[in-house]
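Remember, it's a predicted structure, so these values are computed and weren't measured experimentally.
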Amino acid sequence: RLIIPILVMRELDDLKNFGKTPKARPRLRRIFEILRDKGRGPSPIREGITLELLMDPPRYSPLPVHDEEIVRRALYLRDRKGGILTLITGDYTMLASAGAEGLRVVMTPAELALP
């Protein structure tokens, strides 16, 4: 299962709107194409892999620092049943903070990394 917090979608949308990253628009479009028929998911990506969107609960107050909020949501998911959780990031600060929280964390695979 690949689970993307809604905050990550918002960040991609901001990157797309401000032209900060050329890969944001196609990535965001692809996520919406996958989720189009199922809403939040689980939507199949390929055999044995699904994509889901993690929405914020009603009246939820996110942390002001996005990296900290993403780590918080990963901790929430880790503490639920469903197997091993791995946080994937391209951000060294998040890598360090997620590791300090005891999360299994890896850097984005090279083929997905931004220039």
- prompt: Would you say the side-chain atoms of Thr108 pair up with the backbone N or O of Gly90, donor to acceptor, closer than 3.5 Å?
  reply: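 Present.
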
Between [atom1] on residue [X] and [atom2] on residue [Y], distance to nearest 0.5 Å:
| X | Y | atom1 | atom2 | result |
| --- | --- | --- | --- | --- |
| Thr89 | Asp67 | OG1 | CG | 6.5 Å |
| Met94 | Glu101 | CE | CD | 12.0 Å |
| Leu51 | Ile49 | CG | CD1 | 10.5 Å |
| Asp14 | Met9 | CG | CE | 12.0 Å |

Salt-bridge contact Asp13-Arg10 (side-chain N to carboxylate O under 4.0 Å):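 Result for this pair is no, no salt bridge flagged.
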
message: Show the nearest heavy-atom pair for residues Val105 and Gly99, with the distance to one decimal.
response: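 Smallest heavy-atom distance, with atoms named: CG1-N, 4.0 Å.
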
Contact summary for Pro44 and Ile34, nearest pair of heavy atoms: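 Taking every non-hydrogen atom into account, O-CG2, 4.0 Å.
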
Quick one: list whatever passes side chain to side chain donor-acceptor pair (under 3.5 Å) with [X], sequence neighbours left out.
| X | value |
| --- | --- |
| Glu52 | Arg1 |
| Asp91 | none |
| Thr86 | Arg104 |
| Glu11 | His66 |

same_hphob_cluster([X], [Y]) at 4.5 Å side-chain heavy-atom cutoff:
| X | Y | value |
| --- | --- | --- |
| Leu7 | Leu63 | no |
| Leu103 | Val65 | no |
| Leu2 | Leu12 | yes |

By side-chain contact (heavy atoms from CB on, under 4.5 Å), which residues pair with [X], not counting sequence neighbours?
| X | answer |
| --- | --- |
| Leu77 | Ile3, Leu54, Arg80, Leu85 |
| Glu33 | Arg29, Arg30, Arg36 |
| Val8 | Ile4, Pro5, Ile70 |
| Tyr60 | Asp56, Pro57, Pro62, Glu69, Arg72, Arg73 |

- request: Share the residues that join Val106 in a hydrophobic cluster, the rule being Ile, Leu, Val, Met, Phe, Trp or Tyr side chains under 4.5 Å apart at the heavy-atom level.
  value: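 So far as hydrophobic clustering goes, Val106 is joined with Ile88.
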
- prompt: Does some side-chain heavy atom of Thr50 sit less than 4.5 Å from a side-chain heavy atom of Ile45?
  reply: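 Ile45 does not reach Thr50 side chain to side chain.
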
